[in-house]
Participant: 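Would you mind keeping the following structure in view while I ask a few things?
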2 protein chains.
Amino acid sequence: MQISLMEKTVQKRTLKTRARLIAASEEVIQRGGYSALRVEDVVQVAGVAKGTFFAHFHDKDALMEILMAEKLNACFDQAQAGEAPKTVTQIIVAMEPVHSFMTSERYVFDLLIRYSGAAAVAEIGPIAYCFERYFRVLMTWLETADVRQDVAPELLAEGVQAFAMQAMSLKFCALHSSQSFQGRLEVYLQAWLTPTA
Amino acid sequence: MQISLMEKTVQKRTLKTRARLIAASEEVIQRGGYSALRVEDVVQVAGVAKGTFFAHFHDKDALMEILMAEKLNACFDQAQAGEAPKTVTQIIVAMEPVHSFMTSERYVFDLLIRYSGAAAVAEIGPIAYCFERYFRVLMTWLETADVRQDVAPELLAEGVQAFAMQAMSLKFCALHSSQSFQGRLEVYLQAWLTPTA
DNA sequence: TCTATAAACTGACCACGGTCATTTTTGGAG
DNA sequence: CTCCAAAAATGACCGTGGTCAGTTTATAGA
C-alpha cells in the first residue's frame with residue numbers, strides 16, 4: 001500500500017549500516033585524525049561497498065560535517081555547563097573547549113569555515129547550525145556581561161565570532177606565532193567589548 | 001664551468017614554458033572561472049605534458065595563488081589610487097575592488113583563507129603577502145582617519161580585516177542574505193572604529 | 001507461503017591531482 | 001663541430017573521491 005505523497009519506508013538495515021559507517025569513521029579518525037580519513041578505509045572497516053557510503057552520505061564532507069558537529073556540540077555543552085561568564089577573560093575561558101577543537105587540525109578548521117554558512121536556506125547543515133549556536137550562546141552571555149551597551153548584543157556576538165575566527169586563523173600562521181591564541185583574542189575582545197573612547 | 005656554490009643556470013626555455021602555462025591558465029579561467037581550472041586542460045592548451053606543470057608549480061594551488069595574487073595586487077593598486085579615505089564609508093568604498101574580487105567565487109574565497117597565513121616563516125606565499133598588504137594599507141589609512149584613538153592603528157586594522165572576512169563569509173550564506181555586504185560591513189566598522197560608549 | 005516492487009547494496013568504472021623513472025634538449029668546454 | 005653533464009620535459013602510472021547500471025534483499029499484499 002502506498003500513500004500518495006512520497007513515503008520513505010526506511011528499513012532497519014539502513015540504520016544499522018549507517019551506524020556501522022559512523023562507527024568505522026570514528027575508528028579511522030581515532031587512529032590518524034580527521035585529515036587521514038579515507039572513504040575506502042571507512043567502507044573496508046565497515047564491511048560495505050564504496051557505493052553504499054555514498055548512498056548514506058552525499059559526499060565525504062557530509063560525513064565530516066556530521067562527525068565534527070557531534071564533537072562541537074559536546075564542546076558547547078561543556079562551555080554552557082557553568083554559569084554565564086561576565087568578563088572578557090571569563091568568556092574566553094568558557095569558550096576554550098570550542099576553540100580548542102576548532103583548531104585541533106588545520107583540515108578541521110578549513111572544513112568548519114567552508115560549511116559555517118548554509119549555502120541554501122532550506123538546507124542548514126550541522127556545522128552551520130553549530131555556528132548559529134556559537135552566536136546564540138555568546139549573545140546570551142553578552143546580554144548580562146560587563147560590556148559596552150551602545151550596540152545590540154547581536155552585533156557584539158557577531159564581532160566576537162569574527163575576532164575568534166581571526167585569532168584562530170593566526171594560530172595556523174607561522175608569521176604571527178609570537179603571541180598565544182588566548183592572549184591575542186583577549187586583546188581583540190577588550191578593544192571590542194570594553195572600548196574606552 | 002661551474003662555480004662552487006650552487007648555481008641555477010635557468011634556461012630561456014624554462015621562462016617560455018612557464019609563461020605558456022600561465023597564459024593557458026588565464027585562458028581556461030577566462031572561460032569557466034577559477035573553480036573550473038583543470039590541470040589537464042591547462043597543459044593541453046599550453047601544449048606540454050602534465051609532469052611539466054608540476055616541475056614549474058609545486059601543485060595546482062601554487063598556481064592559483066600566483067594568479068589570484070596578481071589580480072589582488074591590481075585591486076590594491078586601484079584601492080590606493082585615490083587619496084586616503086577618512087571615514088568608515090569611504091574606507092569601504094575604497095576597498096570595494098578588493099572585496100569584490102575576494103568574493104567573486106566561493107572557490108576563490110576558500111583558497112584565499114587557506115593561504116592567507118604563511119605556514120612556514122621562511123616561505124610567505126603570494127596570498128599571504130596580499131593579506132599583509134591589506135593590513136598595511138588599512139593601518140596607514142587608519143592613522144589619519146576619524147576613528148577612535150584609544151587603541152593602536154595596528155589593532156584597528158586587524159579588526160577591520162576580521163570584520164571584512166566575516167562580512168564576506170556571510171555573503172555566501174543564504175541565511176544572512178537579507179542585508180548587503182557593504183551594509184553589513186558598515187554596521188560592523190561603525191561599531192568597531194567609532195564606538196560611543 | 002508466494003510474488004511484485006521499492007529500497008538497499010555492489011563494484012567496475014571515471015575524473016582529476018600528483019609522482020617519478022626515463023628520454024630529450026640545452027649550452028658550455030675542449 | 002663534437003661531446004657530455006645538467007636541466008627540462010615526458011607520459012605511464014597511482015591514490016582517492018565520486019558515479020551508476022545492475023543485483024540482491026526486505027516487505028506489503030495476495
Side-chain angles (χ1 to χ4, degrees), chain A residues 1-25 28-29 31-68 107 110-111 114-115, chain B residues 1-25 28-29 31-68 107 110-111 114-115:
Chain A
M1 192 211 78
Q2 193 69 307
I3 296 175
S4 60
L5 287 173
M6 64 295 283
E7 295 283 293
K8 285 289 170 173
T9 55
V10 179
Q11 301 177 5
K12 289 175 282 186
R13 185 172 46 151
T14 307
L15 297 174
K16 213 170 163 183
T17 303
R18 186 190 156 96
R20 285 235 306 285
L21 284 167
I22 297 276
S25 303
V28 170
I29 289 169
R31 286 204 290 267
Y34 287 84
S35 66
L37 187 140
R38 301 281 169 272
V39 173
E40 305 212 344
D41 293 348
V42 172
V43 297
Q44 196 264 318
V45 171
V48 300
K50 207 184 204 176
T52 302
F53 180 97
F54 293 98
H56 285 263
F57 309 101
H58 175 258
D59 56 17
K60 179 180 160 177
D61 284 357
L63 170 68
M64 301 300 305
E65 269 204 271
I66 292 168
L67 297 174
M68 292 191 302
Y107 175 71
D110 285 342
L111 278 188
R114 183 171 315 137
Y115 295 105
Chain B
M1 194 210 78
Q2 195 71 308
I3 296 174
S4 60
L5 286 172
M6 65 293 284
E7 295 283 294
K8 286 288 171 175
T9 55
V10 180
Q11 301 177 5
K12 289 174 282 184
R13 183 173 49 152
T14 307
L15 298 174
K16 214 170 163 184
T17 303
R18 186 190 157 96
R20 285 237 305 286
L21 283 168
I22 297 275
S25 304
V28 170
I29 289 168
R31 286 204 290 266
Y34 287 84
S35 66
L37 187 141
R38 301 281 168 270
V39 174
E40 306 210 344
D41 292 348
V42 171
V43 297
Q44 196 264 319
V45 170
V48 301
K50 208 185 205 175
T52 303
F53 180 97
F54 293 97
H56 286 263
F57 309 101
H58 174 258
D59 56 18
K60 178 180 158 175
D61 284 358
L63 169 68
M64 300 300 305
E65 270 205 273
I66 292 168
L67 297 174
M68 292 191 303
Y107 175 72
D110 285 341
L111 277 188
R114 184 171 314 139
Y115 295 105

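Remember, predicted model here, so these are calculated numbers, not experimental data. Just so we're on the same page: letters track the sequence lines, and every chain starts at 1.
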Participant: Please report the distance, rounded to the nearest Å, between CG in B:Leu15 and P in D:dA7.
Facilitator: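 Rounding to the nearest Å, CG of B:Leu15 and P of D:dA7 are 15 Å apart.
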Participant: A:Arg114: what forms a salt bridge (Lys or Arg N to Asp or Glu O under 4.0 Å) with it, not counting sequence neighbours?
Facilitator: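 For A:Arg114, the residues satisfying salt bridge (Lys or Arg N to Asp or Glu O under 4.0 Å) (neighbours in sequence not counted) are A:Asp61, B:Asp110.
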Participant: Rounded to whole angstrom units, what separation is found between the NZ atom of A:Lys60 and the C1' atom of D:dG17?
Facilitator: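 After rounding, the reported distance stands at 8 Å.
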Participant: Closest to the B:Thr17 side chain: D:dG18, D:dA9, C:dC16?
Facilitator: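 The answer is D:dA9.
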Participant: Expressed as a whole number of angstroms, how long is the span from A:Phe54:CZ to C:dA12:P?
Facilitator: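 Atom CZ in A:Phe54 sits about 16 Å away from atom P in C:dA12.
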Participant: Tabulated below should be each protein N or O lying under 3.5 Å from an N or O of nucleotides 10-14 of chain D; please produce it.
Facilitator:
from	atom 1	to	atom 2	distance (Å)
D:dT10	OP2	B:Ala49	N	2.8
D:dT10	OP2	B:Thr52	OG1	2.8
D:dG11	O6	B:Gly51	N	3.4

Participant: Less than 4.0 angstrom between a side-chain N/O of B:His58 and OP1 or OP2 of C:dG18, yes or no?
Facilitator: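 Checking C:dG18 against B:His58, no side-chain N or O comes under 4.0 Å of OP1 or OP2.
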Participant: To the side chain of B:Glu40, which of C:dC16, D:dG17, D:dA9 is closest?
Facilitator: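 Nearest nucleotide to the side chain: C:dC16.
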Participant: Could you state the atom-to-atom distance from CG of B:Asp41 to P of C:dC16 in whole Å?
Facilitator: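 Computing the B:Asp41:CG to C:dC16:P distance gives 8 Å.
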Participant: Please state how far atom CZ in B:Phe57 lies from atom P in D:dA8, giving the value in whole angstrom units.
Facilitator: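 Answer to the nearest Å: 14 Å.
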Participant: Over how many whole Å does the gap from A:Asp59 atom CG to D:dT19 atom P extend?
Facilitator: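 After rounding, the gap between these two atoms is 8 Å.
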Participant: So do B:Tyr107 and B:Met64 actually touch side chain to side chain, heavy atoms under 4.5 Å?
Facilitator: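 Yes, at least one pair of side-chain atoms sits under 4.5 Å.
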Participant: Nearest 0.5 Å, what's the CG-OG distance between A:Leu67 and A:Ser25?
Facilitator: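 That separation rounds to 5.5 Å.
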Participant: Counting heavy atoms from C-beta on, name the nucleotide in C:dC9, D:dA8, C:dT19 closest to the side chain of B:Thr14.
Facilitator: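 Closest nucleotide to the B:Thr14 side chain: D:dA8.
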Participant: Contact class for B:Leu37 vs. all strands (heavy atom < 4.0 Å): base, sugar-phosphate, or nothing?
Facilitator: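 Sugar-phosphate, no base atom in range.
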Participant: Mind calculating the distance between CG (A:Leu21) and C1' (C:dT10) to the nearest angstrom?
Facilitator: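 Going from CG in A:Leu21 over to C1' in C:dT10 covers 14 Å.
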Participant: My understanding is that only residues two or more places apart in sequence, or in another chain, count here; which of them pass salt bridge (Lys or Arg N to Asp or Glu O under 4.0 Å) with B:Asp59?
Facilitator: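 Salt bridge (Lys or Arg N to Asp or Glu O under 4.0 Å) list for B:Asp59, sorted by chain: empty.
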Participant: Any side-chain N or O of B:His56 less than 4.0 Å from the OP1 or OP2 oxygen of D:dA9?
Facilitator: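 It does, given that an N or O in the side chain of B:His56 lies less than 4.0 Å from OP1 or OP2 of D:dA9.
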Participant: Can you sort out the partners of B:Phe57 under ring-ring contact (aromatic ring centres under 6.0 Å, His included), two or more places apart, ordered by chain and number?
Facilitator: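 Checked B:Phe57 against ring-ring contact (aromatic ring centres under 6.0 Å, His included); matches are B:Phe53.
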Participant: Between CE of A:Met68 and CG of A:Leu63, what distance do you get to the nearest 0.5 Å?
Facilitator: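 Going from CE on A:Met68 over to CG on A:Leu63, the span is 9.5 Å.
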Participant: Filter on side-chain hydrogen bond (donor to acceptor under 3.5 Å, both in side chains), then keep only pairs touching residues 40-51 of chain B, sequence neighbours left out; what's left?
Facilitator: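 Residue pairs passing side-chain hydrogen bond (donor to acceptor under 3.5 Å, both in side chains), neighbours aside: B:Glu40-B:Lys50.
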Participant: Kindly indicate whether the side chain of B:Val45, heavy atoms from C-beta on, has any atom under 4.5 Å from the side chain of B:Arg31.
Facilitator: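 Contact flag for B:Val45/B:Arg31 side chains = yes.
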Participant: Any chance you could list the contact pattern along nucleotides 21-27 of chain D? Use B for base contacts, S for sugar-phosphate-only contacts and - for none, protein heavy atoms under 4.0 Å, 5' to 3'.
Facilitator: ----SSS
Participant: Starting at CZ of A:Arg18, measure out to CG of A:Leu15 and round the result to the nearest 0.5 Å.
Facilitator: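 Interatomic distance, A:Arg18 CZ to A:Leu15 CG, rounded to 0.5 Å: 8.5 Å.
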Participant: Quickly work out the A:Gln44 CD to C:dG11 C1' distance and round it to whole Å.
Facilitator: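 After rounding, the gap between these two atoms is 15 Å.
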